[in-house]
Amino acid sequence: MSLGQSIKQAIITGALNKRAKAKIKNGELFDVKKYENIKLPANAPDSWNNSNYFFWTNFKSKETFYFRQGLRGGKDSNEVWFVYSDGKGNTYTAADEFFKKDQKISTSAICNDPERKLTFTFSGAMYKVSKKGDVCKAERSKKPVNVDMKATFTGIGKIFEFTYDLAPKTLARALSKEKDLRKTQKEFSDNQQIHYEQSGTVSGKIKIDNKETTFTDYPSFRDRSFGKREWDFMNRYVWNVILLENGEFIHTSLIRYPMLHELQAGFLFIDNKYTSLYKCISMDKLPITGSTPKFFENKVQYIDGRKRTIKSNLEFVITFPFANNSFIVNEGVCEYDVNGVRGRGISEFGFNGDKSKWDY
């Protein structure tokens with residue numbers, strides 16, 4: 001980092017710290033209760049999103065689930081992901097991923113106790129997937145199975161809300177690299193949304209064609225977002241969320257916007273406390289394939305000085321297109337090694353449909 005950028009980063013960090021202290025002094029704290037069950041306003045535009053995401057897994061059997069319900073504003077279709085892998089070589093994905101406003105959606109998600117209990121369900125058809133390499137695709141030429149799933153998430157510790165809890169120094173590091181800081185801050189602010197995550201456990205049951213299986217206290221995390229999300233506004237991004245066998249919970253994300261070359265964000269949850277990510281590998285050093293890479297290594301440094309070396313090993317990936325293929329999300333399930341500790345989680349690589357934007 002050049003001397004000029006170091007000075008610029010220090011000035012921005014000071015300004016962000018001052019703003020954060022003023023919010024605390026004025027009592028402007030994040031109220032999770034407000035957003036757990038919030039609904040989109042009737043006049044919300046198509047670009048608005050109200051999303052609940054859950055991942056849960058069994059370390060021993062590798063049985064794995066992930067679920068997403070993305071409710072959209074305006075006339076835009078609601079979005080559904082539900083994927084189940086039984087750890088024995090059978091993986092299923094929801095037959096219907098988009099629901100028009102006049103269609104009954106196959107999912108539900110409701111908070112029973114803020115930051116503590118959430119119940120979510122899926123009821124609908126699923127296709128078994130076929131696997132070519134690491135990529136799984138629904139076998140839509142074959143008969144789907146009927147699936148009912150009901151689960152309860154129980155939170156561990158508090159949430160991490162990215163606007164309020166990410167260290168100002170981390171954001172300042174990204175902003176200090178931009179030439180037109182005023183324009184960057186305005187566009188970043190205009191596209192900001194409520195976004196928080198939390199680890200926990202999930203218990204419930206799944207029934208596939210009348211064969212019922214239960215799962216109890218599977219390690220889990222959830223991701224909650226509310227507000228503006230235009231998929232094709234982003235150039236590309238990386239989202240890695242990891243549950244470790246020792247109880248640690250890790251998030252690293254890298255996002256490339258038209259006005260912000262690279263935003264790095266994340267946290268380490270350890271001893272029931274969060275420490276914010278300071279810096280990690282650059283997107284420029286990751287393979288750009290249009291999908292989730294089989295392997296990659298990420299060296300992460302946190303604000304408190306802790307360091308983690310994250311190694312991923314992809315098990316399978318399913319692709320989800322958005323906005324008429326103008327943005328593609330590759331949702332990968334991975335085994336992880338973090339400083340010698342085993343983990344499981346998600347490795348999500350998203351790409352704009354316009355490949356010319358990937359290298360900005």
Side-chain angles (χ1 to χ4, degrees), residues 12-13 15-17 19-21 23-24 28-36 38 47-55 68 70 111 114-115 155-176 178 184-200 221-231 233-243 248-257 259-270 273-280 283 298 300-304 308 329 345-348 350:
I12 296 171
T13 300
L16 292 174
N17 276 324
R19 188 184 304 170
K21 289 177 181 178
K23 283 185 176 182
I24 294 172
E28 298 176 31
L29 304 176
F30 181 72
D31 182 8
V32 66
K33 295 179 182 179
K34 178 180 177 182
Y35 291 99
E36 291 283 51
I38 194 170
S47 60
W48 274 50
N49 159 75
N50 185 7
S51 172
N52 279 285
Y53 180 107
F54 299 89
F55 169 90
R68 179 176 179 269
C111 177
E115 243 179 344
I156 296 174
K158 294 186 175 294
I159 64 161
F160 184 97
E161 205 290 318
F162 286 84
T163 301
Y164 285 77
D165 296 327
L166 186 67
K169 188 177 179 181
T170 303
L171 179 57
R173 182 170 175 268
L175 293 173
S176 67
E178 302 303 317
T184 298
Q185 285 182 304
K186 183 181 184 308
E187 288 194 35
F188 184 70
S189 178
D190 288 346
N191 286 276
Q192 209 163 23
Q193 60 179 340
I194 297 299
H195 180 202
Y196 54 89
E197 292 183 353
Q198 181 185 29
S199 64
F221 72 83
R222 68 170 176 134
D223 178 283
R224 177 88 174 99
S225 60
F226 180 87
K228 187 177 181 180
R229 179 188 288 175
E230 292 183 288
W231 287 105
F233 175 70
M234 297 177 284
N235 291 350
R236 60 186 176 103
Y237 73 81
V238 179
W239 184 70
N240 295 137
V241 191
I242 309 163
L243 301 164
E248 291 182 15
F249 172 40
I250 293 175
H251 170 114
T252 62
S253 56
L254 304 94
I255 312 162
R256 184 154 293 174
Y257 295 105
M259 76 301 179
L260 186 59
H261 182 71
E262 183 169 297
L263 173 64
Q264 298 184 350
F267 57 76
L268 167 66
F269 182 70
I270 182 171
K273 293 184 292 186
Y274 290 101
T275 179
S276 182
L277 177 148
Y278 174 54
K279 64 179 180 179
C280 63
M283 294 178 83
N298 187 2
V300 185
Q301 181 180 328
Y302 297 92
I303 286 293
D304 66 358
R308 294 290 185 270
V329 174
I346 289 293
S347 182
E348 182 179 291

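- Residues L254 and M283 approach most closely at CB-CG, 3.4 Å, considering heavy atoms.
- A donor-acceptor distance shorter than 3.5 angstrom exists from the side chain of Q198 to the backbone of E115, with no hydrogens or angles considered.
- At least one cation-pi condition fails for K158 and Y274: the charged atom is not both under 6.0 angstrom from the six-membered ring centre and inside a 45 degree cone around its axis.
- Remark: K228 NZ to N49 CG distance equals 12.5 Å, nearest 0.5 Å.
- When atom types are taken as modelled, the side chain of S276 and the backbone of I303 share no donor-acceptor pair closer than 3.5 angstrom.
- Once rounded to the nearest 0.5 Å, the distance linking OG1 of T275 with CG of L268 reads 6.5 Å.
- The shortest distance between side-chain heavy atoms of L243 and F249 falls below 4.5 Å.
- H251 pairs in a ring-ring contact (aromatic ring centres under 6.0 Å, His included) with only one of the listed residues (Y302, F267, F269), which is F267.
- For the atom pair CD1 of I346 and CZ of F55, the computed distance is 5.0 Å after rounding to the nearest 0.5 Å.
- Here CG of N52 is found 8.0 Å from CD of E36. Values are rounded to the nearest 0.5 Å.
- The CZ atom of F54 sits 10.0 Å away from atom CG of D223, with the distance rounded to the nearest 0.5 Å.
- Remark: the backbone N or O of G350 is not paired with any side-chain donor or acceptor of R236 at under 3.5 angstrom.
- Taking both residues in full, the closest heavy atoms of L277 and A265 are given as CD1-O, 3.8 Å, listed atom of the first, atom of the second, then distance.
- Between the side chain of N298 and the backbone N or O of C280 there is no donor-acceptor pair closer than 3.5 Å.
- With hydrogens and angles left out, the side-chain atoms of H195 and R224 include no donor and acceptor closer than 3.5 Å.
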(Q) With side-chain contact (heavy atoms from CB on, under 4.5 Å) as the criterion, how do I159 and R222 come out once you've worked through the C-alpha distance, each side chain's angles and the decisive distance to 0.1 Å? (A) CA-CA 10 Å; I159 64 161; R222 68 170 176 134; 3.9 Å; yes

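- A pairwise comparison of heavy atoms in V329 and Y237 identifies CG2-OH, 3.5 Å as the closest pair.
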Q: Give the C-alpha distance, both sets of side-chain angles, the deciding distance and a yes or no for side-chain contact (heavy atoms from CB on, under 4.5 Å) between L171 and L263.
A: CA-CA 7 Å; L171 179 57; L263 173 64; 3.9 Å; yes

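- Across all their heavy atoms, S176 and R173 have their closest contact at OG-O, 2.9 Å.
- A donor-acceptor pair shorter than 3.5 Å cannot be found between the side chains of Y53 and E197.
- Counting only distance, with no hydrogens or angles, the side chain of E161 and the backbone of Y164 share a donor-acceptor pair below 3.5 Å.
- Interatomic distance, F233 CZ to I255 CD1, rounded to the nearest 0.5 Å: 11.0 Å.
- Although no hydrogens or angles enter the test, the distance criterion places no donor-acceptor pair under 3.5 Å between the side chain of R308 and the main chain of I250.
- Nearest heavy-atom pair across Q264 and K279 is OE1-CA, 3.3 Å.
- Y196 and F30 have their aromatic ring centers within a separation under 6.0 angstrom.
- Nearest approach of I38 to N50, heavy atoms of both residues: O-ND2, 3.0 Å.
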